[in-house]
Amino acid sequence: MVKYNEYKNLNYAKVGEDVLEFWKQNNIFERSVATREGNTPFVFYEGPPSANGTPGIHHVMARAVKDIFCRYKTLKGFQVNRKGGWDTHGLPVELQVEKELGITKEDIGKKITVEEYNQRCRETVMRFKSQWDTLTEQMGYWVDLNNPYITFENEYIESCWALLRKLYDKGYLYKGYTIQPFSPAAGTGLSSHELNQPGCYKMVKDTTIVAQFEVRKITRNMFLFEHEEEKVYFLAWTTTPWTLPANTGLAVGKNIKYVKVQSYNPYTFEPISVILAKDLVGRYFNQKAADLALTDYSSGDKLIPFKVVEEFVGSDLAGVEYHQLMPYVQPEKPAFRVIIGDYVTTEDGTGIVHISPTFGADDARVAAQNDIPALLVMDENGKPGPIVDRQGRFVPEITDFAGMYVKNYDGQDESAADYKPTDVLIAIKLKEEGKAFKVEKYEHTYPHCWRTDKPVLYYPLDSWFIKTTAVKDRLIELNKTINWKPESTGTGRFGNWLENLVDWNLSRSRYWGTPLPIWRTEDGEEEICIGSIAELTEEIGRAVDAGVMDEAVEVKDLHRPYVDNIILLSKSGKPMYREPDLIDVWFDSGAMPYAQWHYPLENEEQFQKNFPADFIAEGVDQTRGWFFTLHALAVMLEDSVAYKNVIANGLVLDKNGNKMSKRLGNAIDPFEMIGQYGPDAVRWYMIANAPPWDNLKFNPDGVVETQRRFFGTLQNTYSFFALYANLDNFTYSEADVPMAQRTESDRWIISKLNTLIQDVDANYADYDPTRAARAIQDFVVDDLSNWYVRLNRKRFWKGEYNTDKIAAYQTLYTCLEVIAKLAAPIAPFYTEQLYRDLNAVSNKHTEESVHLAYYPEVNHEDINKDLEERMQLAQTISSLVHSLRKKEMIKVRQPLQRILIPVLNDRMRAQIDAVADLILSEVNVKTIEYIDDTSGILVKKIKPNFKKLGQVFGPKMKLVAAAVQRMDQNDIAHLEREGGFEIMLNEEETAVLTPEDVEISSEDIPGWLVANEGKLTVALDITLTEELKQEGIARDLVNRIQNLRKDSNLEVQDKIHILLQRTEPAVMQAVENYSSYICAETQALSLDTVDELENATLLDIDDYKVYIHIQTERSTII
RNA sequence: GGGCUUGUAGCUCAGGUGGUUAGAGCGCUACACUGAUAAUGUAGAGGUCCGUGGUUCGAGUCCACGCAGGCCCA
């Protein structure tokens, strides 16, 4: 005979391990896909993680979300292929390798060959793969790890090339030159994606300078010298003093008001006139000095007098020329003019902005618009470049500062007493020259390189771009068809980003990544974009034939340095060299819908079947990363979305809402969590606690609570079922007991269950796992365990194995089995065990795993809202009676005669009547009596239905409410009897109310102990008759005997004999009258009373003392 | 500075389209129940629903402006 498994002290981590083993042994994952062969596919894309770091708890969150919907769709019969993937290229790997080898980017190709270096990257990037695989497995994330796509593989790269070629052919690929964030420490430009990395913008304290730009005293500018000044200066503020030698212009706001102020330089004490925004005068001149005369000043005075002498608007100043501030290098064209800049504000600084076109994106733009040149120097090859080299050092032409790092890139000790940043040295020089008006420390956010932690420079770089702006409208249009969870991320964050789209900067000057497949002649006149290995091989053949390449090489690896060694032949017969850049790694991952199948080079059908994705899910930080690159490529290549539904999940923070970091030590180890609480509790907690798109404050205490409250309760319910089902040999072999023959509570829980099936399905379908989890949890804890099982316990352990008992078993079995299926996507391990434990005995399902089974069907005819409503009434009434008992200190064991319930109408009476038995047994009362209108003691209360009346009466609502309050019992009766009642709003107006316009409820019953909630009122009769008292004693006695049984470790089915000493008459009377009841409850074969009892146990029942002795058939105990 | 987002009990969170006693779980306190027992029930304490204005007969809910936190970007 197969039994339901019974567990003592279930270890949830162990459940995880056992179930995992079962899955492996029986290929359940593979079969969950195979058994759906031929069904509608549900396409899921795995956003590839990088395995060069260890996984964290937030990965459990992200992957649980992915897993839930794939499992759910599988339950619904869809075939869900999930190809795993690895993101393997990019800067993080390179920097890690550099660190381990103790080299810098400059050493690559010198101390180590590019070949060796890349080999090292290839090995390093998969270093933590096994940890990732372990986590994936242990947390129950089902994804195909055996055939993943790997972005460094040749075929993958070849696909990327083919895609780039398509873009190239469409004219979307071009070479440009822009000011970009550049990290001298890492030796690379940074993409906007990289600058988006959390933590890049950091508070730093920089030396800032308000510099004085001296106006040229020429005819054109004489309007600025009308107060007989010797020197007039523009004041411009910069937080990057190192850019001052590259200044070629000043920008003012067209409509901003400026003033000329006469004062003194605070460092040299020279008399000067300065121009700055009118609104900002107060920031640079102390108002206390406003009344001082200029002539009162003597050198070194703290309070510097000033005088506003003239006012201009920005457009007046445009075109004014000034002397170069730091004349190390001369520009090619006329420069040093004031221009109009659309981005100038008076928020901070002076309202005049210093422009260095080589070191600022805005600067470059407005300078180009106004024909202001950049300040350039020639490098050793005669190519023009900025005055700071790619290591971040001033070039030799900047004599005073030649070779100095503009920021601390050489690791100087900043805490050293004599440490002076270059910015400070520049400030000192300008002070000495009388060109600094104010020098101060300023704290602001500044972008930092996300790996080296060093400040970024804005720097001119050659770059290849994808012209995403060409398809901007289409990107926006198609984005509107994507179902974003939450919606705001799609419309707001992502939508706004698309509205302000700039071209995608593709270039990276690094080593480990997908090389740009473009070869160019040295003069840049001719170029070719290679789209496949075959094409490259063919071109190599041509090049070898023509003699530009020495010998044909076989194309084995598309990485550097191999592709760099290939020289191709242009149409006109010139050699072409590969453009040295690599492409942005985000292109790699954005290309996964195509490249995972080696499309477009092969597998057309495979690709078409799996594009676009039905569903993807990643962190919200991917909005401008993967979410964007997927979308951009799909729109440009296929004129389609790449995904139809997307969940952008939030961050996992520590319990205090702080970011987790290994450095701070508040990071939570996912392996530890799973090892301690099992994978299900961790998953359930994360999903049920907050919607995935909200940030999750991860508190391990919450996992404990989830385990206890949800899993503990569910397991308790199962244990209860298993215990008795095993005793009764219930195997679900009987035909289903028709609903009509089941009890009210059976039909109620089945009704609730079917409602649950419906609700949970809707929530999953709406990509809202949190609501699904909460609905399941509420059902299990409140409805199933705390109400159904509690109410029906006796049916399981008492009486014959008859239809009623079978109905109870079937009902509870069904609930458990359905819960296993509904919860399976979120808690795949425990539900697997539950399902299998049930099915092992019943064999109701041929599927041996819950994940091979199908989502339960809703039986609409079993849903009965009337029934659900009256059970709610039963619960509320029981709760009210309990609270009344509590108030009167009458324990539940003491039976009471009756409760009184005022009923307002026949329906209410019928509803309560149907559940009367439940209520009576739950609260241990003999009868329910109803009080209705005919009783003459019912007092009613009336309240306006604000929602309904408000719509009708609007502003007169206050009058209506007052009129309703004035209605007395007769008025209410009239309203109910006649179906209408006329109220006076004021002296003129009247209105007619119908019963629907008001809410009538019962009030207190005079002279009774009552409690009420909402419309319900309950009164309790607390009169104790002799008979009730005796029954109370009998129940107490049963209770004490049961405790004795338990204390003696008797089995449930063990029979006993009871001996009582004849003492208290009241007790004896109760024993006599309730002897059969006592025997039945306590499994006693006999109950005898004697005069004297040896070895008796003393029981205290209220004020009575009872001596008792029980013995089993086996032996005498106690 | 901009975009998005959050703010409800000590903690974690619910509170369609505005409707008159703002809820749950945990925690705390007290009591009860007991053949599910390392469970359960009942009650109590605990709220200026972040603030200020506004719209409305009526605002936790809608609007505006702030404040505080978060994310992303300048």
Side-chain angles (χ1 to χ4, degrees), chain A residues 9 192 195-198 200-201 343 345 347-348 361-362 445 447 486 488-497 499-500 619-621 623-624 648 650-651 653 655-659 685 688-691 693-697 699 701-702 704-706 708-710 712-713 715-724 770-771 774 777-778 781-782 785-786 789-790 793-794 796-798 878-887 889-893 922 924 943-951 953-961 1013-1014 1039 1042-1043 1045-1046 1050-1054 1081-1083:
Chain A
N9 299 326
S192 47
L195 226 52
N196 282 349
Q197 293 295 320
C200 279
Y201 281 79
Y343 60 95
T345 69
E347 291 291 325
D348 47 26
D362 281 331
T445 57
S488 60
T489 298
T491 55
R493 189 177 286 207
F494 195 64
N496 291 341
W497 154 256
E499 295 285 351
N500 298 306
V620 68
D621 51 328
T623 307
R624 296 170 186 203
L651 270 62
L653 308 168
K655 63 179 174 184
N656 299 316
N658 297 315
K659 226 166 174 171
Y685 164 71
N689 191 62
W693 39 88
D694 281 355
N695 288 348
L696 172 68
K697 290 182 198 165
N699 187 347
D701 293 346
V704 175
E705 188 189 326
T706 296
R708 196 172 54 77
R709 189 169 149 74
F710 176 64
T713 305
Q715 175 58 21
N716 255 337
T717 306
Y718 167 78
S719 299
F720 175 84
F721 168 81
L723 176 66
Y724 294 106
T770 304
R771 280 176 186 270
R774 286 175 178 171
Q777 184 166 310
D778 289 348
V781 175
D782 296 337
S785 171
N786 288 347
V789 172
R790 195 158 57 83
R793 272 175 302 189
K794 285 199 172 144
F796 292 89
W797 51 264
K798 266 181 97 170
S878 300
S879 156
L880 289 172
V881 175
H882 278 306
S883 86
L884 284 173
R885 276 180 174 276
K886 155 84 184 160
K887 220 176 269 173
M889 308 279 276
I890 303 171
K891 58 195 170 187
V892 177
R893 266 198 303 266
E922 175 67 12
N924 196 17
K943 197 173 85 172
N945 180 341
F946 280 94
K947 190 166 183 173
K948 189 158 184 299
L949 290 174
Q951 283 160 8
F953 291 98
K956 294 193 190 116
M957 204 42 224
K958 280 198 170 125
L959 293 174
V960 176
E1013 182 183 314
N1039 164 249
Q1042 297 287 38
N1043 286 343
R1045 286 180 59 112
K1046 264 183 1 186
L1050 293 189
E1051 294 297 321
V1052 174
Q1053 64 273 27
D1054 284 343
E1081 291 292 320
T1082 59
Q1083 308 276 338

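These numbers come from a predicted model, not from an experiment. Residue numbering restarts at 1 for every chain, and letters A, B, ... go by the order of the sequence lines. Heavy atoms only: backbone and side chains are in, while hydrogens, waters and symmetry mates are out.
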For this session: Counting Watson-Crick and G-U wobble pairs only, both distances under 3.5 Å, name the nucleotide matched with U12(B), or none.
Result: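 When the pairing criteria are applied, A24(B) turns out to be the nucleotide that pairs with U12(B).
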Exercise. Does C57(B) have a Watson-Crick or wobble partner in any strand here, with both distances under 3.5 angstrom, and which is it?
Worked result: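 Pairing partner, where one exists within any strand: G19(B).
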Detail all sub-3.5 Å separations between protein N/O atoms and N/O atoms belonging to nucleotides 7-12 of chain B.
from, atom 1, to, atom 2, distance (Å)
U12(B), OP1, Lys697(A), NZ, 3.2
U12(B), O2', Asn689(A), OD1, 2.3
U12(B), O2', Asn689(A), ND2, 3.1

Options [options], nucleotide nearest the side-chain atoms of [X]:
X         : options                : value
Thr717(A) : G15(B), C72(B), A36(B) : A36(B)
Arg774(A) : A43(B), C13(B), G15(B) : C13(B)
His882(A) : G41(B), A14(B), G70(B) : G41(B)

Exercise. Is Arg709(A) side chain donor-acceptor paired with the C26(B) base, going by distance under 3.5 Å alone?
Worked result: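 Per atom types, no contact qualifies.
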For this session: State whether the distance check finds a donor on one side and an acceptor on the other, under 3.5 Å, for side chain Ser785(A) versus base A39(B).
Result: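 Answer no: no donor N or O sits under 3.5 Å from an acceptor.
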With 3.5 Å as the limit, what N/O pairs link the protein to nucleotides 27-33 of chain B?
from, atom 1, to, atom 2, distance (Å)
C33(B), OP1, Arg893(A), NH2, 3.4

Whole angstroms only, please: what is the [atom1]-[atom2] distance between [X] and [N]?
X         : N      : atom1 : atom2 : value
Leu696(A) : G70(B) : CG    : P     : 17 Å
Trp497(A) : A74(B) : CH2   : P     : 8 Å
Phe953(A) : G18(B) : CZ    : P     : 21 Å
Phe721(A) : A36(B) : CZ    : P     : 15 Å
Met957(A) : U56(B) : CE    : C1'   : 13 Å
Lys947(A) : G58(B) : NZ    : C1'   : 13 Å
Gln777(A) : A14(B) : CD    : P     : 13 Å
Leu723(A) : A36(B) : CG    : C1'   : 8 Å

If we take the [atom1] atom in both [N] and [M], what is their distance in whole Å?
N      : M      : atom1 : result
U8(B)  : U48(B) : C1'   : 12 Å
U56(B) : G18(B) : C1'   : 9 Å
G3(B)  : U40(B) : P     : 49 Å

For this session: Could you check whether Arg793(A) gets within reach of a base, just the sugar-phosphate, or nothing at all, counting any heavy atom under 4.0 Å?
Result: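 Touches a base.
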Report, one pair per line, the protein and nucleotides 64-69 of chain B atoms (nitrogen or oxygen only) whose separation is under 3.5 Å.
none

